[in-house]
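No experiment lies behind these values; they were computed from the predicted model shown. Start at 1 and go down the list; that is how both ligands and their atoms are numbered.
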Amino acid sequence: MSHKTGEFELISRVKSLFAPIVPHNMQGIGDDCAVIYSGNQATVITTDMLCENVHFKLSMGGHAIGMRAVQVNLSDIAAMGAEPTAIFLSIAVPDKVSDEFITDFFAAIRDCGIPLLGGDTTRSAADFIVNITAIGTVPAANIKLRNGAKVGDTVFVTGELGAQSLSGYTADVVAQTKQGIWLGGRPEVNSMMDISDGIAGDITHILESSAVGADIDLGKIPIAAGASIEHALCGGEDFLLLFTCDPAMAKELKDDYFAAFAAPLYDLGVITPNIGGLRWLQNSTPAAITPQGFRHF
Ligand code: ADP
Ligand code: MG
């Protein structure tokens with residue numbers, strides 16, 4: 001059993017345990033953010049923890065680590081079509097961490113421009129650990145969930161994949177906040193999520209939540225300069241948005257997005273009735289190698 005399988009099983013158990021006490025206006029575990037509906041507005045909330053030597057090395061420096069800790073959360077807010085409103089920050093700090101590191105860390109968090117409204121600070125015996133909770137807001141009508149994909153939808157990604165895993169996760173990456181809010185305002189976008197663990201695994205969350213399948217064309221995967229197809233499919237932390245859209249509106253959406261952001265949307269394939277089934281195609285025929293195979297590289 002892989003580490004990820006264990007994590008998903010645990011989360012699924014926790015979800016069942018709490019389902020009976022989650023009120024109707026709230027939606028908890030299973031999307032990029034939790035949602036609390038209140039009239040025509042929704043509040044979205046997400047939290048992510050980063051641990052030294054698991055998610056980063058201290059040698060990356062305080063600025064890069066602070067930046068990453070905020071952006072992973074802002075990416076989940078963007079994935080809902082929401083606008084970030086505030087963050088909370090908790091840190092566990094070992095003695096080895098310098099004052100300069102902490103200064104750089106907070107400068108990076110300040111640079112992200114979202115008000116920090118509170119948190120917690122504690123000593124740590126060994127590792128530096130950082131947890132951020134981010135809160136966002138979105139008109140209820142604009143919220144994008146993972147479970148809205150419809151058969152026939154065009155599957156899009158908002159940028160080239162694999163740059164982060166190519167760089168060894170050291171390059172600064174910025175969440176697609178404006179793009180997420182913009183896509184939230186487009187009714188033809190039926191489902192959305194951010195790509196945090198690699199598109200090959202992440203897309204299955206939309207397929208399972210929506211009870212659909214997908215045919216994805218390997219030849220259409222946009223690969224960042226210097227990256228390999230393995231980086232593009234299985235590398236994490238690109239913080240791009242993956243979404244599905246009514247095919248009748250796909251061209252208009254693509255043109256409008258280009259006009260708004262001077263950047264293309266990449267069409268990867270189509271949602272199919274094949275429940276949970278993900279097929280990777282090369283020149284319209286099933287690819288000989290599955291992305292799971294790529295994990296061994
Ligand atoms: P993401 O990559 O979008 O941040 P995750 O894969 O980390 O999402 O988490 C998937 C879902 O499981 C989310 O809804 C998250 O809130 C929930 N989750 C993860 N860990 C826990 C936990 N320990 N307790 C409750 N919910 C959790
Ligand atoms: Mg996410």
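Ring geometry for Tyr257 versus Phe261: interplanar angle of 30 to 60°, hence tilted.
Near Ser196, with a cut-off below 4.0 Å to any heavy atom, the atoms of ligand 1 are 2 (O). Annotation for ligand 1: atoms under 4.0 Å from non-hydrogen atoms of Asp31 are 13 (C), 14 (O). Within ligand 1, the atoms closer than 4.0 Å to a non-hydrogen atom of Ile29 are 12 (O), 14 (O), 17 (C), 25 (C), 26 (N), numbered from 1 in the order shown. Atom numbering of ligand 1 starts at 1 in the shown order; those under 4.0 Å from a heavy atom of Asp32 are 3 (O).
Under a 4.0 Å N-O distance rule, the pair Lys254/Asp267 does not qualify as a salt bridge. Here Glu188 does not pair with Lys150 in a salt bridge; the nearest charged N to carboxylate O distance is not below 4.0 Å.
The only member of Glu237, His63, His55 that meets side-chain hydrogen bond (donor to acceptor under 3.5 Å, both in side chains) when paired with Arg68 is Glu237. When the options Asn73, Asn131, Asp76 are evaluated for a side-chain hydrogen bond (donor to acceptor under 3.5 Å, both in side chains) with Thr47, the one that passes is Asn131.
In this structure Phe56 satisfies the ring-ring contact (aromatic ring centres under 6.0 Å, His included) test with no other residue, sequence neighbours excluded.
Using 4.0 Å as the threshold, Arg146 has a heavy atom nearer than that to some atom of ligand 1.
Between Pro94 and Phe128, some side-chain heavy-atom pair lies under the 4.5 Å cut-off.
For the pair Asp215 (side chain) and Leu278 (backbone), a donor-acceptor distance under 3.5 Å is absent.
In terms of N/O distances under 3.5 Å, ligand 1 is approached by Gly30. Remark: ligand 1 and Asp76 share an N or O pair separated by less than 3.5 Å (distance only, no angle test).
For a distance threshold of 2.8 Å, the protein N, O or S atoms nearer than that to the Mg ion (ligand 2), listed by chain and number, are Asp32 OD1, Asp76 OD1, Asp194 OD1.
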After noting the C-alpha distance and the side-chain angles of Ser75 and Asp194, does the key distance pass the side chain to side chain donor-acceptor pair (under 3.5 Å) rule?
-> CA-CA 6 Å; Ser75 184; Asp194 75 325; 2.7 Å; yes
